[in-house]
Amino acid sequence: MNNKALRVLTLLALITLSTTLMAQKQFTLEDLNFGGTNYKNMTPGDRTLLWWGDRLVHVEASACYTVNPSNGKESPLLTAADLNRSIEAAGGDETATLQGAVSFPYPDQPLALVTGTKAYTLYNFKTRRVECRIAKTGNEQAVAWNAKSRLLACVTGDNLYVGGKQLTTDGSRDIVYGQSVHRNEWGIDGGLFWSPDGKLLAYYRMDQSMVTDYPEVNIPEVDDSTHRIATPAPEKYPMAGQASHKVTILVYNTASGRSVQLQAGDPTDRYFTNVAWSPDSKTIYVFELNRDQNDCRLVSYDATTGGKIAELYRETDPKYVEPLHPIVFLPWNADQFILQSQKDGYNHLYLMDKSGHEIKQLTSGKWVVEQLVGFNPQHQSVIIASNELNPLQRNLFAVDLNTGRRTLLGSDTGWHTPALSASGRYLVDKYQAPDVPRHIDIVNVDNGRKLAYYNAPDPWAGYTVPTYECGTIKAADGVTPLYYRMVKPAHFDPAKKYPTVVYVYGGPHAHNVDAGWHWRSRSWETYMAQRGYVLFILDNRGSENRGRDFEQATYRQLGQEEMKDQMKGVEFLRTLPYVDTTRLGVHGWSFGGFMTISLMTNYPDVFKVGVAGGPVIDWKWYEVMYGERYMDTPQSNPEGYAKTSLLPKAKDLKGKLQIIIGYNDPTVVPQHALTFLKACIEAGTQPDFFTYPGQGHNMRGHQSVHLHERITQYFDDYLKPLK
């Protein structure tokens, strides 16, 4: 080979190498973390899609387009420019955008409701005129607008207003109106409930004057030159076994201007949830639960007088009952409704009449109905999302209410998020799969045909991407299958030994592993794999979507069965030649923080490094509703509280442990971490500690990038790969 040919080959090799290096980009936390500057570009593409009756609308910041559900063709509907010109003509001075602010509350009218910075605007996009505007105060604590009455109910300055009229005067930190109660348990996410005809408003009133204040403190900002001293910011926090708040439900009549209270009796040590209306707006239905949370009743009330009508349904359980969903009436039969319950061991649908008689069980099997999406009245079917096909999947079905026959809608793989049109004829089906970032179909519910509307490109194309795997192991009971995810570094070499981090949550109403993109891997796992770690994530017994017995296995002893299952995961890791079991780490947040310290102190010779975020340390300091459901009270279960407390375990800490909290955490109050530190001081053990002033249970914005830099640095310092 002559010198010229050699130079050409060398140049080609360098070009190839350069191209390869350019193609294989490395991730940063600014790419992967939700607070990062490049995060939006690194997430799978999406489309904001809303239903206007049976017409599908694609919403962008500056314009909206109707989408033909048969062929996907888009046509202009309205623009932000036209909207803003109309707002200015109506006397407004704000500039509204559409994405995240617009909705279409009238199926048969060309009207859009736009939530702007200064007002709620009802805009006629056919005439290009503003039909009405409702000014915002800018500090609403709760808001509910009704399409029928066009009235806005809101809580401002702790008091309730409807249509601009002030209904209450005693609102305060002690007396809370129209907001979430019972600390957002049992599916509660608000406290204002309009009747279907828009003439009545049911609302919560919570008296928490008897609840102890937890002494949170606000630290002055770095650039605050006017405040030198920290200020108190007390949080009403009912701890397990202590006095809880008292909740009542009232109904405001827009015609009479008066409110009546539902005559539910003494609210002491009772919970009221899943408020629902009858289709004729005459009756209110409420699930009522005793403080032990083992006796649940569905009760109906007269919306005009507040009088109790009947107890329609009762469910008890030796451990606990969790009513998470309001009843839903059939659109074609106002005398029948669907109730959800896991009384047979799995969450399923039951058809009831309004006298409380169970007509029949609509779904059954060792799988979970995860969502009642809506109805298709033409075929008298209910649309559901369930994990019938696979515990890791979430697929969509139409259930015929007459025959019980279930028909699959859309793909039989992946994890699906649905949105049903007003008539139930069409379905927007957004889904992911382990190898699908996001795909959107428009499904014709009547005939099952689907139109591929959008397929997101891989936002990580050109990056060095780890390997994501999924599998099963047996739980500590020797029978139950548990699902895990494993993330391996790119260019994985099975002949090498890799430090391994177990990421854990493990608590109720959450899961880590499903059939979403990359098996639902958290982006921090990708970042760690890039740095040479193996990540292992296992959903233990006690986590969600596996049925009542799976969830209740942890009752009265939180953390104990969960640790046994996680250690089965460790046993599995020990069988893998590429896992360096002398360098095992563990990390989790909230319940996962509790699990992290539990594993570090109960198995001190197994885990070398741990990072525990927002950890529960002793369940007697956690809130009444959640804590007592799973642990009962400290008075009735002293053995369980003693066994699960981490304070006596402080002396057993051997490895390197970093505890991180938000200094103003209202969920797991700082007392947990601080008291554990005190116990460690007394025991002579040496954890590390870091706090984020002004932050709550999770870090917001760019502080989340800082947090994950810190977590990563800790593992790099004490569990870093061998060179």
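Quick caveat: nothing in here was measured; it's all calculated off a predicted structure.
A donor-acceptor pair is defined here as one N or O able to donate and one able to accept, closer than 3.5 Å; no such pair exists between the side chain of Y320 and the backbone of D292. Between the side chain of N253 and the main chain of A255, a donor-acceptor pair closer than 3.5 Å is present. Between the side chain of N184 and the main chain of G187, no donor-acceptor pair closer than 3.5 Å is present. Judged by distance alone, the side chain of S278 and the main-chain N or O of T283 form a donor-acceptor pair under 3.5 Å. When atom types are taken as modelled, the side chain of W51 and the backbone of A419 share a donor-acceptor pair closer than 3.5 angstrom. N664 places a side-chain N or O within 3.5 Å of a backbone atom of V217 that can act as its donor or acceptor partner. With E562 contributing its side chain and G507 its backbone, the two residues share no donor-acceptor pair below 3.5 Å. A donor-acceptor pair under 3.5 Å is formed between the side chain of N637 and the backbone N or O of R556. Formation of a donor-acceptor pair under 3.5 Å by the R150 side chain with backbone atoms of L122 is not found in this model. Counting only distance, with no hydrogens or angles, the side chain of S300 and the backbone of A310 share a donor-acceptor pair below 3.5 Å.
For the ring pair (Phe, Tyr, Trp, His ring centres under 6.0 Å) test, no residue two or more places apart in sequence or in another chain qualifies with F34. Residues passing the ring pair (Phe, Tyr, Trp, His ring centres under 6.0 Å) test with Y641: none are found, sequence neighbours excluded. Contacts of D170 classified as side chain to side chain contact (heavy atoms under 4.5 Å, CB included), with partners at least two apart in sequence or in another chain: T168, I175, Y177, R205. Residues forming a salt bridge (Lys or Arg N to Asp or Glu O under 4.0 Å) with K643 (at least two apart in sequence, or on another chain): none. Checked against ring pair (Phe, Tyr, Trp, His ring centres under 6.0 Å), Y313 has no partners two or more places apart in sequence or in another chain. Considering only residues two or more places apart in sequence or on other chains, R546 meets the salt bridge (Lys or Arg N to Asp or Glu O under 4.0 Å) condition with none of them. Looking at residues two or more places apart in sequence or on another chain, you find no salt bridge (Lys or Arg N to Asp or Glu O under 4.0 Å) involving E216. When the side-chain hydrogen bond (donor to acceptor under 3.5 Å, both in side chains) test is applied to Q342, no partner is found at least two apart in sequence or on another chain. Taking the ring pair (Phe, Tyr, Trp, His ring centres under 6.0 Å) definition, one finds that F676 meets it with nothing, sequence neighbours left out. For E322, the salt bridge (Lys or Arg N to Asp or Glu O under 4.0 Å) partners are R629, not counting sequence neighbours.
The two atoms that bring K246 and P267 nearest to each other are CB-CG, 3.9 Å, heavy atoms only. Minimum heavy-atom separation, L152 to I134: CD2-CG2, 3.7 Å. Shown here for P238 and R183, the closest heavy-atom pair between the two residues is CD-CD, 4.0 Å. The minimum heavy-atom distance between N146 and W194, with the atom names listed, is ND2-CB, 3.4 Å. Nearest heavy-atom pair, T316 versus R314, reported as atom, atom and distance to 0.1 Å: CG2-NE, 4.0 Å. Among all heavy-atom pairs drawn from N387 and N545, the shortest one is ND2-O, 2.9 Å.
Between Y630 and F591, the ring center distance fails the sub-6.0 Å criterion.
Classification of K308 and E288 as a salt-bridged pair fails, no side-chain N sitting under 4.0 Å from a carboxylate O.
With rounding to the nearest 0.5 angstrom, the OH atom of Y350 is 8.5 Å from the CG atom of L339. In this structure, CG on N290 lies 9.5 Å from CZ on R270, to the nearest 0.5 angstrom. The distance from the CG atom of D665 to the OG1 atom of T691 is 9.0 Å, given to the nearest 0.5 Å. Atoms OG1 and CG, from T273 and L289 in turn, are 8.5 Å apart once rounded to the nearest 0.5 Å. To the nearest 0.5 angstrom, L707 atom CG is 9.0 Å from N698 atom CG. Note that the CD1 atom of I661 and the CE atom of M699 stand 8.5 Å from one another [nearest 0.5 Å].
In this structure, Y626 and W619 have parallel ring planes: the angle between them is below the 30° cut-off, well short of the 60° mark.
Residues F375 and I338 have side chains in contact (heavy-atom distance under 4.5 Å, counting atoms from C-beta outward). A 4.5 Å side-chain heavy-atom check between T304 and V260 finds every atom pair outside the cut-off. With contacts defined as side-chain heavy-atom distances shorter than 4.5 Å, the pair K199/S281 does not qualify.
Within 6.0 Å of atom OH in Y663, 12 or fewer heavy atoms from other residues, nucleotides or ligands are found, so the atom counts as exposed in its surroundings. Heavy atoms from other residues, nucleotides or ligands lying under 6.0 Å from NE2 of H702 number more than 12. More than 12 heavy atoms of other shown residues, nucleotides or ligands fall within 6.0 angstrom of atom CD in Q166. No more than 12 heavy atoms of other residues, nucleotides or ligands lie within 6.0 Å of NZ in K282, so this atom counts as exposed by the packing criterion. Under a cut-off of 6.0 angstrom, the local environment of NZ in K236 is crowded, with over 12 non-hydrogen atoms contributed by other residues, nucleotides or ligands.
Side chains of E94 and T117: a donor-acceptor N/O pair is absent below 3.5 angstrom, by distance only. Side-chain atoms of N540 and E561 form no donor-acceptor pair, as typed in the model, at a separation below 3.5 Å. With hydrogens and angles left out, the side-chain atoms of S645 and D618 include a donor and acceptor closer than 3.5 Å.
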Give the C-alpha distance, both sets of side-chain angles, the deciding distance and a yes or no for side-chain hydrogen bond (donor to acceptor under 3.5 Å, both in side chains) between D174 and S172.
-> CA-CA 5 Å; D174 286 336; S172 64; 4.8 Å; no
Please assess L201 against T254 for the test side-chain contact (heavy atoms from CB on, under 4.5 Å), listing each intermediate value before the final yes or no.
-> CA-CA 8 Å; L201 175 74; T254 60; 5.9 Å; no
Are K343 and E315 close enough, and set up right, to give a salt bridge (Lys or Arg N to Asp or Glu O under 4.0 Å), and what steps lead you there?
-> CA-CA 8 Å; K343 62 183 178 179; E315 183 177 336; over 6 Å; no
Run the side-chain contact (heavy atoms from CB on, under 4.5 Å) check on L312 and K354 step by step: do they pass?
-> CA-CA 8 Å; L312 304 179; K354 65 180 183 181; 5.7 Å; no
Working for side-chain contact (heavy atoms from CB on, under 4.5 Å), residues N347 and V369 = CA-CA 6 Å; N347 190 59; V369 174; 4.1 Å; yes
Do D335 and D353 pass the side-chain contact (heavy atoms from CB on, under 4.5 Å) test, and can you show the C-alpha distance, the side-chain angles, and the key distance before you say yes or no?
-> CA-CA 6 Å; D335 293 329; D353 66 28; 5.7 Å; no
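Here ring-ring contact (aromatic ring centres under 6.0 Å, His included) pairs that include residues 245-277, with residues two or more places apart or in two chains, are H182-H245, H182-Y271, W186-Y271. Sorted by first then second residue, the ring-ring contact (aromatic ring centres under 6.0 Å, His included) pairs that include residues 200-220, not counting sequence neighbours, are F193-Y204.
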